[in-house]
Student: 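Here it is: the structure, laid out below.
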Amino acid sequence: MKPFGSGNCAQDTRDPAPVLIRPATDADHPALEALAGLATRDLLGPFLSTEQRAATFAFTPLDPWLIEDGTYFVVEVNGKIRASGGWSWRGPMIHNPNGQYRPPESQSNGVARIRAMYTEPGHARRGFGRTILSVCELAARLACVRRLELIATPVGELLYRACGFESVEIIDLDAPGGVIIPVTRMQKILSPKVRQPRDTEEASVACNHSKWRN
């Protein structure tokens with residue numbers, strides 16, 4: 001499989017099974033919810049206390065706007081979703097299923113967020129997380145994003161560092177029941193373009209015709 005993206009983050013998964021990377025659809029929602037639960041329990045769980053593990057499940061429901069906006073992607077192996085992740089112009093870094101709708105922020109600041117990255121535990125360490133991150137980064141670059149931000153859990157921080165993200169600050173995430181979960185806010189500055197435009201007019205046209213839907 002030849003992964004999307006460029007730079008040090010992309011890598012070949014070397015999985016002999018057929019691999020497909022595609023935008024997520026509404027029909028994927030049940031599989032994505034199950035994937036998030038498994039990844040949170042088996043991959044993140046060992047880094048947390050019993051109380052923290054229970055509290056993290058409040059944040060696993062998928063933000064439906066990621067699918068609606070067309071900015072959420074899945075990795076399929078033999079027709080089964082094994083990893084997922086996306087990016088968004090919308091404000092929340094972490095989805096609150098009980099929160100109110102938030103419209104997308106202005107694209108003029110050039111800042112977007114990496115959201116809801118998950119890998120099925122049985123398919124971890126095969127490069128799927130890196131591949132999804134590369135797809136998101138490429139899509140964001142094409143939309144003229146200049147900086148990507150994310151909230152990293154302990155299990156994901158090493159991956160994001162390897163893909164060029166830098167720590168900004170450690171914050172305490174308030175979870176249900178008064179539980180505090182330490183996470184890291186990270187960012188990556190993107191080059192202003194995927195390739196060198198022939199002139200400034202071409203660069204402007206590329207940014208003004210992003211395929212991201214409002």
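In what follows, every heavy atom counts, from backbone to side chain, and hydrogens, waters and symmetry copies are set aside. All values reported here derive from a predicted model rather than from experimental measurement.
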Student: If you compare all heavy atoms of Phe57 against all heavy atoms of Arg41, which two are closest, and at what distance to 0.1 Å?
Tutor: CZ-CB, 3.8 Å
Student: Would you give the length of the straight line joining atom CG of Leu20 to atom CZ of Arg82, rounded to the nearest 0.5 angstrom?
Tutor: 13.5 Å
Student: Side chain to side chain donor-acceptor pair (under 3.5 Å), that's the test. Do Arg125 and Thr119 meet it? Break it down for me.
Tutor: CA-CA 9 Å; Arg125 299 180 181 85; Thr119 300; over 6 Å; no
Student: Mind running side chain to side chain contact (heavy atoms under 4.5 Å, CB included) on Leu159 and Phe165 for me, showing each step along the way?
Tutor: CA-CA 9 Å; Leu159 167 64; Phe165 284 81; over 6 Å; no
Student: Under 4.5 Å between side-chain heavy atoms, counting indirect links through other Ile/Leu/Val/Met/Phe/Trp/Tyr residues: same cluster for Leu38 and Phe128 or not?
Tutor: no
Student: Glu166: what forms a salt bridge (Lys or Arg N to Asp or Glu O under 4.0 Å) with it, not counting sequence neighbours?
Tutor: none
Student: In this structure, would Ile151 and Phe47 fall into the same cluster of hydrophobic residues linked by side-chain contacts under 4.5 Å?
Tutor: yes
Student: Atom CH2 of Trp87 and atom CD1 of Ile114: how far apart are they, to the nearest 0.5 Å?
Tutor: 9.0 Å
Student: Specify the closest pair of heavy atoms between Ala58 and Pro176, including all atoms of both residues, with the distance to one decimal.
Tutor: CB-CG, 3.5 Å
Student: Report yes if some heavy atom in the side chain of Tyr118 is under 4.5 Å from a heavy atom in the side chain of Ile132; otherwise report no.
Tutor: no
Student: Would Arg146 and Val111 count as a side chain to side chain contact (heavy atoms under 4.5 Å, CB included) here? Give the steps.
Tutor: CA-CA 6 Å; Arg146 296 189 294 274; Val111 180; over 6 Å; no
Student: Spell out, as yes or no, whether a donor-acceptor pair under 3.5 Å connects the side chain of Tyr72 to the backbone of Ala116.
Tutor: yes
Student: Donor-acceptor check, side chain of Arg113 to backbone of Trp89, threshold 3.5 angstrom: yes or no?
Tutor: yes
Student: Hey, does the side chain of Thr184 reach the backbone of Ile170 with a donor-acceptor pair shorter than 3.5 angstrom?
Tutor: no
Student: For Ala175, give me all partners under side-chain contact (heavy atoms from CB on, under 4.5 Å), at least two apart in sequence or on another chain.
Tutor: Ala55, Phe59, Val179, Ile181
Student: Would you call Leu190 and Glu137 a side-chain contact if the rule is heavy atoms closer than 4.5 Å?
Tutor: yes
Student: Are Asp63 and Arg90 ion-paired here, with the side-chain N under 4.0 Å from a carboxylate O?
Tutor: no
Student: Working to the nearest 0.5 angstrom, can you tell me the gap between Leu44 CG and Thr153 OG1?
Tutor: 5.0 Å
Student: Could you note down all residue pairs passing side-chain hydrogen bond (donor to acceptor under 3.5 Å, both in side chains) where residues 25-39 supplies at least one of them, sequence neighbours left out?
Tutor: Arg22-Asp28, Thr25-Asp28, His29-Glu33
Student: Supply the atom-to-atom distance His123 NE2 to Lys80 NZ, rounded to the nearest 0.5 angstrom.
Tutor: 11.0 Å
Student: After noting the C-alpha distance and the side-chain angles of Ser88 and Trp65, does the key distance pass the side chain to side chain contact (heavy atoms under 4.5 Å, CB included) rule?
Tutor: CA-CA 9 Å; Ser88 179; Trp65 285 103; over 6 Å; no
Student: Quick check: closest heavy atoms across Gly164 and Lys188, and the distance to 0.1 Å?
Tutor: O-CG, 3.6 Å
Student: Give, for atom SG of Cys163 and atom CG of Leu158, the distance between the pair rounded to the nearest 0.5 Å.
Tutor: 11.0 Å
Student: Taking Arg147 for its side chain and Ala112 for its backbone only, find out whether a donor-acceptor pair lies under 3.5 Å.
Tutor: no
Student: Would you say the side-chain atoms of Gln187 pair up with the backbone N or O of Val168, donor to acceptor, closer than 3.5 Å?
Tutor: no
Student: Between Ala24 and Ile67, which heavy-atom pair has the shortest distance, and what is it?
Tutor: O-CG2, 3.7 Å
Student: Are side-chain heavy atoms of Ser84 and Leu35 found at a separation under 4.5 Å?
Tutor: yes
Student: For the residue pair Arg161 and Ser167, establish whether any side-chain heavy-atom pair is separated by less than 4.5 Å.
Tutor: yes
Student: As an exercise, state the distance from CZ of Arg185 to CG of Leu173, rounded to the nearest 0.5 Å.
Tutor: 13.5 Å
Student: Can you see which heavy atom on Ala152 is nearest to which on Glu157, and at what distance?
Tutor: CB-CA, 4.1 Å
Student: Look at the side chain of Thr40 and the backbone N and O of Gly37, then say whether any donor-acceptor pair between them is shorter than 3.5 Å.
Tutor: no
Student: Output, in order, the C-alpha distance, side-chain angles, deciding distance and verdict of side chain to side chain contact (heavy atoms under 4.5 Å, CB included) for Phe73 and Cys136.
Tutor: CA-CA 8 Å; Phe73 304 95; Cys136 292; 4.0 Å; yes
Student: Indicate the atoms forming the closest heavy-atom contact of Leu32 with Ile81, along with that distance.
Tutor: CD2-CG2, 4.1 Å
